[in-house]
Amino acid sequence: MDTTGTFWMPPGNSTIAGDVDSLFYFILYASIIIFVLVVGLSAYFSMKYRRRDGEVGKTDGLDHNVKLEIIWTIIPTILVMIVFVWGFKTYMYMNVVPKDAYEIKVNGQKWFWSFDYPEGGNSVNELIVPVDRPVKLLMASKDVIHSFFVPNFRIKMDVLPNRYSITWFEAHTIGEYNLFCTEFCGKGHSEMIGKVKVVSQEEFEQYAEDLAFSGEGMTLEEFGAKLYIQKACVTCHKIDGSNSTGPPWDNLYGKEEHLADGSSVKVDENYIRESILNPMAKITQGYQPVMPTYQGILKDKQIDALIAYIKSLQEDESLINE
Amino acid sequence: MSEHTNTGHKEHILPLSLYLGIGSMLLVLTAVTVWVSFFDFGEFNLVVAMIIAASKASLVALFFMHLKYDNKLYAIIFVSSLLFLAVFIIITMFDTLRRDDVYIEKSGPIQKQSLMYDSLKTHSDSTTVVDSLQVKEDTTTVDLNK
Amino acid sequence: MSHSQEGHPKFLQHHFSDVEQQRESAKLGMWVFLVTEILLFGGLFVFYAIYRAWYPDMFHNAHLALDVAMGTTNTIVLITSSVTIALGIRSIQLDRQKDTIWYLFATLLLAGTFMVIKYFEYMHKIHLGQLPGEWYHFDGIEGNNPHVFFSAYFLMTGLHGIHVLIGMGLITWLIFRTKAGHFSSKYYTHIEMTGLYWHLVDLIWIFLFPLFYLIG
Amino acid sequence: MNKIPETHYLNAKKGIWSWLTTVDHKRIGILYLFSVMFFFFVGGMFALMLRLELLTPTEMYIDSDTYNQMFTLHGAIMIFLFIIPAIPAILGNFVLPIMIGAKDVAFPRLNLLSWYIYIVGALFAVFSLVSGGADTGWTFYTPYSTTTSTAVISIVLGAFILGFSSIFTGLNFIVTVHKLRSPGMTWFKMPLFVWGMYATALIQVLATPVLGITLVLLIIERLIGIGIFDPAMGGDPVLFQHFFWFYSHPAVYIMILPGMAIISELITAHSHKKIFGYKAVAYSSLGIAFASFIVWGHHMFTSGQSELAAMIFSFLTFFVAIPSGVKVFNWVATLYKSSISFSTPMLYTLSFLFLFSIGGLTGIFLGALPVDIHLHDTYFIVAHFHYVMVGGTVIAFLGGLHHWWPKMWGRMYNETLGKISCLLIFVGFNMTFFTQFIMGSQGMPRRYHLYVDAYRPFHAFSTYGSWVMAAGFFLMAYYLIHSLFKGKPAGNNPWGALTHEWSITSPPPEHNFEEIPITEHGPYDYDKIVAKSTLVEN
Ligand code: HEA
Ligand code: HEA
Ligand code: CUA
Ligand SMILES: [Cu+2]
């Protein structure tokens, strides 16, 4: 099992990577031999039989050779059959999820990934899995087709709207790997990049607990602050007044927000809730309508916590209290 | 003019009676197919109807379209188009009917039509997939009797 | 094959060496064209086959909404029109231009009848809201996605109907040209080609009829 | 010294109108030449803009939406407006009837109509371009294509219309080959170019209608939601992929078979050697054509299609490789004991052998299920299809263009510049696209505007390569246009080749032949006949 990566392949960090790579290299070397044969011979003939100045005459009438023709039909046929059978076997292996696999629900959506863990936790754009344990991904999309691709694991599977698709892997090295969306899904397609974080079993349990955490023993505000990071709001919303993809959250609550359609609205609980669940309903002036919906991802309590957190970022007491 | 020899110069002029005969056979077959549709052969409904339709179609092609008398090339062309269509249908159905070979979860839509965008279940409370398939059945019927 | 200098007929195009070659080319071309037509419809048949296999019950329930009597009548009408156009070709082969015109005219009338019946069927469905896709607003058909059945129905019969209309245009044009004396037993390629086309339209209907009206 | 004949097809009639109403297959070929090359230029400019943007991992000068529209237009223009019509409609139209000793194609008016349809289709595509562009990729996958807000309908309609243009060309060739061969031109005396075009025509006629109906369904789905492809209406998006690839996989052989057809012609004409295994090469064209209809699902290995279907498709895919291999080996064997002249067309032929082998062999990687799962929708795919389409078809097309250029215009282009530009294209091409194999297997996804920093060196090198290649193309455009006015008269048979088109004047007379020629010898009987090159005298 190589984990270093080569000229052709990125490090292979899952159990199937080795199989895929050996087939890849088998085809590669066979191809190189055939290629050298084809190009080498044509180069050699071109040199040897090049037309010397003025020489124009009859050429050799050789026009077939049955033995040769049979050989170059049979040998490639054998080769491709080897490739097929080999590929077939590996494919079967790649397709049958081990019984004891840990099942994670994957949701693809323009343009981020979210993951639901059996313990009840949820994470966005960061898939956390235990090392050396098969993980089954049960995937569906909320809008268009996406595709779940982790080069280091050699797995890829389209994520379809209104239909489940399945893939699995077993990572054997701890680390952080790129997760790409490889089915074109619109503007943010190339930014629909996440991470797969492979951690030790103990660490994983810690994470799972953390993700499933529903704020017991914390104030709503504190919980909101945690979610702000955990659910990736931080990627688009800053709290230091600076602009990012989305409007900053500090001093947001209670103010009059100008909308793209010219009207304006007061930022209160209802508006924030709507912005989270149905972001396209009211677009803030000066911003693109790119915020994803968190419908189904955030639970009520979490939304409340986020609202409390946003509220806490308002310095002007008078706006909060009325 | 390599293919000239294949056909006689004189066009076949078929007797009137043949046209009328074939025409009436077609009408009879139409009656038959309507008639048998009142019986239920279960699985074979489709087969029976298609056999009758195919015989009608062959009559039209062979006699009205002169395939029986013309250059065989035309018949080859015609039949090959049907073959390619068959390839299209058969291989596509190899996929569409067998998506759940390995996993039943893949068998069908999660939800009926446009509901999907807002009601796709995220199993934060660890419902198993089979449960959610049940859910699907329910919503479907509920939806239909709305 | 040298140029036939004597009696070089008016309708012979310069790049053909004789009438026979021109005629056969046209016929081969027509057959190849029919192949493209079959595959064009073929896509819709695939659509039908797959959804029928997915939702057999829905297809059964939905097909009850179609009127078998009208469908049967239309089948008879179309088959008869196939006979008349075939007879039209036979007449021109025998140089009976008058008969040809009558037969073509009969075909045209039958095609018109077909379209009128189709019109009533369509109007009825539109009235009830048994329409394709988003326009579907009819209760009372049980099963998954009944609008898909009507999508298939309207698309397939619709495309077929368009072909009937095109055929009607062609036949009208043939009637005028036959009247003008353009055709004879020596040269009737256009009638023959239209005949082939018309038979194909009939052929497709022969399949559509049981698929939609008889077995659901 | 060679002379250009007094009257020929180019000056037999005069004025724009005579061109727009011409039914002469040669003139229609020329009409296609200019329109198709125009779109090649447009598509190429989009490609250069894409590459420029990809020079850096972050946004450089265009935003994601623009980038997405650009690769969509690049792909759609290159496929539907350039590569599919390129060889059949330009070179096929020009030489096929002459090669079989006919005065024209079977249906000259249909031929002209197909050009007008092409123009109308092109206008729709251009309309989509000016009305904001479409951003679906050339594959128009649902449900993205049914929900995006861009001008999808007009470009889809454009592709639909262009399909008819392609069908009519194919239909014409089938009938022409069957019915218009001159006396003595039996099936096995036909030049292999004709065989290739015939096999192509079969695919055009059988597959293109399915594209037509698919696109119509897509448009209707988008307009009124009929529920076949859009899951929101109970449809199945994977079904769209079946429909699309049922056409588009055979379509890739609509692109390569004509290229292979040209190579068979060039390799004999420029090495004055009888083709090795004539029948094998001829039949393998048909073999490829038929096999191409049963492998489409190899584009859908990760789409969620059933495992069984995936295996069937993988198995069948490999069988396409066998007849392609037969061709390649036969070409190489043809060179044995030949007399090779390093003319520009021959250089293109040798480049073809090099590049197409790489392109085709990488197809084997993709046909192998587990490997494709890793490589699907990465730059490995982009590299694969540019190697077969550009390295295969475009290179063959350019070879053919140079080969028949003197026949078309009666004048020679500058051979030295020709060789330089061929070399530039060859080197630039490999720089651009070989790099993409590596970054692809390293995991770089395609259709990415922004990318992870690790891939930067590959992208940068690839972009430099595209400039080298562009330089080659511009040089070519220069000397070819120059030759139209200033080129030396080429004479009837500059290459000393044996097919019919070289026995008539350059440019050919209006009706090709005074008398329909009798075919007495095979097209490649270089062991029996020596045709003197008319270039030597210059
Ligand atoms: C001209 C166009 C062309 C041609 C000729 C080919 C030829 C082949 N292609 Fe390619 N292909 C495309 C254009 C083409 N392709 C395009 C455009 C796409 C992507 C579309 C998109 O998604 O946008 C694509 C994608 C594509 C895929 C899907 C990848 C994916 O998306 O995941 C696959 C998978 O099987 C594939 C396979 C093949 C194979 C097996 C051949 C074979 O025909 C190749 C046969 C040739 C050889 C093998 C070389 C010569 C043979 C020898 C020297 C003999 C020895 C050989 C052996 C022993 C094997 N191609
Ligand atoms: C025939 C087909 C064809 C051709 C020729 C090309 C040519 C080129 N292509 Fe493209 N390409 C596609 C078909 C083609 N492509 C397709 C189908 C896609 C997929 C789209 C999708 O994802 O939907 C694609 C995608 C694609 C991508 C991937 C984009 C992405 O996934 O994000 C890239 C990136 O490098 C690229 C680059 C290039 C380059 C640099 C060239 C260069 O070779 C171009 C060089 C050409 C010129 C510079 C023009 C010069 C011409 C003249 C000057 C006129 C000449 C006149 C005479 C000779 C008389 N192409
Ligand atoms: Cu999601 Cu691309
Ligand atoms: Cu393919």
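Excluded from the calculations below are hydrogen atoms, water molecules and symmetry mates; all remaining heavy atoms, backbone and side chain alike, are included. Because the structure is a prediction, the values reported are computed rather than measured. We name chains A, B, ... by the order of the sequence lines, and we start the count at 1 in each one.
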Please report the shortest heavy-atom distance between [X] and [Y], naming the atom on each side.
{"X": "C/Arg90", "Y": "B/Pro15", "result": "NE-C, 3.7 Å"}
{"X": "B/Leu20", "Y": "C/Val83", "result": "CD2-CG1, 4.3 Å"}
{"X": "C/Leu200", "Y": "B/Met65", "result": "N-CE, 4.0 Å"}
{"X": "B/Ser81", "Y": "C/Val35", "result": "CB-CG1, 3.6 Å"}
{"X": "B/Ala57", "Y": "C/Phe207", "result": "CB-CE1, 3.7 Å"}
{"X": "B/Met50", "Y": "C/Pro210", "result": "CE-CG, 4.1 Å"}

Does any heavy atom of chain B fall under 4.5 Å from the side chain of [X], the backbone, both, or neither of them?
{"X": "C/Leu196", "answer": "both"}
{"X": "C/Ile206", "answer": "both"}
{"X": "C/Thr75", "answer": "side chain"}
{"X": "C/Tyr213", "answer": "neither"}
{"X": "C/Leu34", "answer": "side chain"}

Using a cut-off of under 4.5 Å on heavy-atom pairs, state which of B/Phe38, B/Phe78, B/Phe84, B/Phe63 scores highest against chain C. B/Phe78
Flag the one option from B/Val48, B/Leu97, B/Ile89, B/Thr96 with the top tally of heavy-atom pairs under 4.5 Å to chain C.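 Heavy-atom pairs under 4.5 Å are most numerous for B/Thr96.
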Show your reasoning for whether side-chain contact (heavy atoms from CB on, under 4.5 Å) applies to C/Leu39 and B/Phe88. CA-CA 10 Å; C/Leu39 282 147; B/Phe88 188 12; 5.7 Å; no
Chain C contact via [X] - which portion, at a heavy-atom distance below 4.5 Å:
{"X": "B/Ile90", "value": "neither"}
{"X": "B/Val60", "value": "side chain"}
{"X": "B/Ile22", "value": "neither"}

Nearest 0.5 angstrom please: [X] [atom1] to [Y] [atom2], how far?
{"X": "C/Asn74", "Y": "B/Thr30", "atom1": "CG", "atom2": "OG1", "result": "11.5 Å"}
{"X": "C/Glu24", "Y": "B/Tyr74", "atom1": "CD", "atom2": "OH", "result": "5.0 Å"}
{"X": "B/Leu85", "Y": "C/Leu40", "atom1": "CG", "atom2": "CG", "result": "11.0 Å"}
{"X": "C/Ile79", "Y": "B/Met25", "atom1": "CD1", "atom2": "CE", "result": "11.5 Å"}
{"X": "C/Leu203", "Y": "B/Lys56", "atom1": "CG", "atom2": "NZ", "result": "10.5 Å"}
{"X": "C/Thr84", "Y": "B/Tyr19", "atom1": "OG1", "atom2": "OH", "result": "12.0 Å"}

Around [X], counting heavy atoms of other residues, nucleotides and ligands shown, do more than 12 lie under 6.0 Å from its [atom1]?
{"X": "C/Tyr187", "atom1": "OH", "answer": "yes"}
{"X": "C/Trp54", "atom1": "CH2", "answer": "yes"}
{"X": "B/Lys72", "atom1": "NZ", "answer": "yes"}

Backbone of B/Leu73 reached by a side-chain donor or acceptor of C/Trp31 within 3.5 Å: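 No; judged by distance alone, with no hydrogens or angles, the pair does not exist.
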Selection from C/Ala86, C/Gly43, C/Gly71, C/Ser185 maximising heavy-atom pairs under 4.5 Å formed with chain B: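 Between C/Ala86, C/Gly43, C/Gly71, C/Ser185, the count favours C/Ala86.
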Given side-chain contact (heavy atoms from CB on, under 4.5 Å), test C/Leu28 with B/Ile77 step by step and report yes or no. CA-CA 9 Å; C/Leu28 179 61; B/Ile77 291 177; 3.4 Å; yes
